[in-house]
Amino acid sequence: MLQVISLLLENKPGALMRVTGLLSARGYNIESLTVARTTDPTLSRMTIVVDVDSTLRKQVIKQMNRLINVLQAADLSEGPVVARELVLMRVRAAMESRGAILKEAEIFGARVIDSTLEGFALEATGEAEKLDEFIDVMRSYGEIEVTRSGTVAVSLEPRKLRLSSPVATGAGTKSQSTTGVLNG
Amino acid sequence: MSNLISGAKILLECLVREGVECIFGYPGGVTLPFYDALYDHPIRHVLVRHEENAAFAAEGYARSTGKVGVCCATSGPGATNLTTGLVDAMMDSIPIVALTGQVSSKLIGSDAFQEADTFGITRPCTKHNYLVKNLAELPQVIHEAFYLASSGRPGPVLVDIPKDVFQGHYQYQPVNSIHLPGYKIHLDGHAGQIRRAAQMMWEAKRPYIYGGGGVLASGATKELRELVETLDAPCVLTLMGLGSLPSSHPNFISMPGMHGSYASNMGMTECDLLIALGVRFDDRVTGRLAAFAPHAKVIHVDIDPAEIGKNRAADLPIVGDVKRVLTKLNKNLQELAPAMQAANSGSRKEWWSQVRTWQTEHPLQVETSADEIKPQHLISEIDRISGGNAVVSVDVGQHQMWSAQFIRFNEPRLWLSSSGLGSMGFGLPAAIGAAFARPDKTVIAIMGDGGFQMSVPELGTIASHGLPVKMIIMNNGYLGMVRQWQELFYNNRLSSVTLDSFPDAEKLAGAYGFKGRTIEKPQELRAALEECFAEPGPYLLNVKVTPFENVFPMVPAGAAINEMVLSQPKPVAV
Ligand SMILES: Cc1ncc(C[n+]2csc(CCOP(=O)(O)OP(=O)(O)O)c2C)c(N)n1
Ligand SMILES: [Mg+2]
């Protein structure tokens with residue numbers, strides 16, 4: 001079973017690398033990753049699907065939360081969540097199987113977005129496993145070409161977003177025990 | 001348009017506002033505009049001889065004061081040379097700001113002369129880093145960099161500045177506020193957890209305090225002392241934590257871990273409550289994790305939530321600044337004392353007598369000999385002269401471990417050691433940083449003959465400024481620590497660890513215009529050290545010590561920390 005991490009991060013250069021760097025530094029593979037702007041254009045929502053055991057995942061998520069550009073990183077692996085993926089596919093098919101393909105597409109809730117003499121272009125959304133099946137079925141009709149979007153997910157529980165307030169410049173220089181005088 | 005000032009000058013203005021007095025750096029093509037602005041500016045620039053040492057010197061400055069150290073390098077090779085120092089500061093949570101020049105914005109990505117992807121390369125080497133894309137954002141970025149470096153869990157922050165940003169002109173507006181919504185600092189520990197911690201402490205029969213760099217970073221030495229005394233518990237301090245409780249304090253045991261004392265490690269193993277303050281349960285401390293502190297409940301206080309439970313699960317986690325947490329905790333302890341203190345006082349007495357027994361059974365031993373200078377002898381003589389008052393900057397290796405074992409510190413921030421990263425070549429440049437930061441203190445650099453040879457160019461910096469750094473080389477003719485492992489674990493097959501050439505110290509120092517000397521007789525040691533310390537300027541003292549001495553106790557890799565090798569194993573008869 002794969003796990004889903006959802007992040008809200010500042011839409012800044014390098015922010016994506018900071019997040020993925022935490023995974024790649026440990027040699028973890030990313031199964032899928034999506035990122036796009038939110039309604040607030042300065043922020044992005046990122047959904048990462050990984051295969052990392054729960055203790056390590058907890059650790060990595062804490063480290064993601066430590067990143068300055070990350071407003072929130074949350075583990076959606078447990079708890080109520082909706083996860084969806086989009087598949088775009090071209091399937092080449094002989095004339096006699098076109099009817100059957102359309103039937104199958106309907107069963108999977110896929111839409112035809114283009115139709116040519118060679119075959120169809122189809123679009124389907126759903127849970128990743130369902131789409132795996134869809135792809136397998138379509139493969140049985142002929143040559144296919146597939147692009148998957150990667151999973152996007154949303155938690156069904158409201159999550160409190162805790163953000164830091166502004167501070168005055170120089171606020172970091174607290175509790176300094178000794179101060180030096182420069183050598184002449 | 002008289003209000004328009006250059007990016008280079010705006011940068012300096014921001015540095016002044018951050019209280020920067022001194023920058024350690026090395027100029028180059030793209031930083032020319034900045035160095036031109038520095039030419040007649042009150043901020044002092046110290047020209048080191050290699051950028052790695054600029055970062056180490058900035059660390060020495062920061063470690064010895066708690067203030068942010070600043071280093072500067074040009075693009076490409078200058079920036080890549082900084083990286084070891086950045087990672088070093090990252091591992092030990094040291095606040096430094098690195099300023100690097102970058103090729104002009106329009107050339108970025110074109111393989112321009114001396115271009116390197118500094119922003120990409122240093123991302124995992126820093127707490128945070130910036131590439132300044134336009135001059136308008138420079139003041140904001142600089143103040144954010146200082147804030148990030150010095151607040152929360154401190155660390156290195158790098159700001160990469162393209163040449164055209166230095167050269168551009170802009171209407172400078174001082175920035176007075178920083179807003180980093182995603183930068184969460186947890187300062188105050190959870191009140192209920194702190195109360196619970198106080199109860200657990202009084203309930204414990206064998207409490208043990210394990211303090212680290214976080215105690216120093218939060219300036220909690222007074223609060224630590226109060227805790228130690230209220231609870232009357234034994235206290236060990238990690239390599240990063242040395243000095244947070246005066247070494248002379250009766251409750252201070254010593255350093256735990258791979259080269260920790262017998263008592264320190266036995267205490268860790270037998271305690272029933274481990275009070276971990278600003279530490280990260282490093283593998284050099286814990287040994288085999290599964291066997292570490294097997295009887296103990298753990299209270300873990302740290303400002304960084306990602307440290308809690310990383311290596312050892314905490315029975316009671318408290319996320320917060322050690323100083324703030326201890327202030328409340330000490331109050332709670334006092335409040336609970338009348339009701340709780342007496343209950344376990346008998347067991348605690350026994351616990352102390354057990355710890356004292358361990359201490360007397362296997363004390364850290366200073367060996368001496370009539371014919372050779374034993375390294376421990378050298379270090380203890382340095383300790384005698386320092387009397388717990390000098391800044392001691394060490395390099396990495398055997399001399400570092402003996403220094404940690406034998407040198408005492410009366411105050412915090414006197415002990416400078418590349419601990420988490422263990423970077424050879426740290427000792428001398430860090431001492432340079434400290435010499436600028438703490439002119440009120442004697443600054444000693446204790447180095448191995450290996451590490452010193454990584455730092456030789458900095459003798460130039462020392463000579464230029466006449467820095468009165470006492471450079472003492474514990475010269476065993478080997479990469480001693482590696483030789484020790486080869487002897488103990490690789491059948492004494494000494495592979496590439498022999499340092500069979502070493503410059504004549506008197507001539508080397510003389511070539512730079514200061515004094516130096518080599519000694520090898522124990523009878524000369526005291527007088528030579530006195531001469532070295534009496535010299536008003538720099539002094540290079542090369543001390544030839546017993547070549548094959550090993551650091552003990554030693555916890556072999558993969559062993560539990562109570563499975564220490566206490567002394568040289570007897571040769572096996574064949
Ligand atoms: C930059 C770097 N390279 C290699 C090492 C591995 N290393 C650790 S200790 C050591 C030997 C240090 O020899 P020396 O400076 O003579 O000190 P000694 O151990 O003899 O006191 C080495 C090579 C290191 N810590 N840092
Ligand atoms: Mg050596």
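Computed from a predicted model, the values in this text were never measured in an experiment. Every chain is numbered from 1, with letters handed out A, B, ... down the list of sequences.
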Legend entry - Neighbour count above 12 (heavy atom, 6.0 Å) for Arg26(A) CZ: yes
Inset, instruction - Could you tell me which portion of Leu8(A) (side chain, backbone, both or neither) has an atom closer than 4.5 angstrom to a non-hydrogen atom of chain B? - result: neither
Legend entry - Arg45(A) atom CZ, over 12 foreign heavy atoms within 6.0 Å: yes
Inset, instruction - Could you pull out the closest heavy-atom pair between Lys62(A) and Ala306(B), with the gap in Å? - result: CD-CA, 3.7 Å
Legend entry - Neighbour count above 12 (heavy atom, 6.0 Å) for Arg159(A) CZ: yes
Legend entry - His128(B), part contacting chain A, at a heavy-atom distance under 4.5 Å: both
Inset, instruction - Using a cut-off of under 4.5 Å on heavy-atom pairs, state which of Gln63(A), Arg18(A), Arg66(A) scores highest against chain B. - result: Arg18(A)
Inset, instruction - First locate atom CD1 of Ile68(A), then atom OH of Tyr147(B), and finally report the distance between them rounded to the nearest 0.5 Å. - result: 9.5 Å
Legend entry - Donor-acceptor contact present, side-chain Lys184(B) to main-chain Asn65(A), <3.5 Å: yes
Legend entry - Interface moiety of Lys133(B) toward chain A, non-hydrogen atoms closer than 4.5 Å: side chain
Inset, instruction - Determine which pairs satisfy side-chain hydrogen bond (donor to acceptor under 3.5 Å, both in side chains) with at least one residue from residues 99-109 of chain A, sequence neighbours left out, and list them in order. - result: Glu104(A)-Tyr141(A)
Inset, instruction - Identify the heavy atoms of Pro13(A) and Phe119(B) that sit nearest to each other, and give their distance. - result: O-CZ, 3.7 Å
Inset, instruction - Enter the distance from Lys12(A):NZ to Tyr130(B):OH here, rounded to the nearest 0.5 Å. - result: 7.0 Å
Inset, instruction - Specify which of Val175(B), Leu131(B), Ile308(B), Asp304(B) makes the most heavy-atom pairs with chain A at under 4.5 Å. - result: Asp304(B)
Inset, instruction - Under 4.5 Å heavy-atom distance to chain B, tell me which part of Ser165(A) shows up: side chain, backbone, both or neither. - result: backbone
Legend entry - Contact summary for Gly21(A) and Arg123(B), nearest pair of heavy atoms: CA-NH1, 3.7 Å
Inset, instruction - Could you have a look at Leu180(B), Asn129(B), Ile185(B), Thr221(B) and say which one has the most heavy-atom pairs with chain A under 4.5 angstrom? - result: Asn129(B)
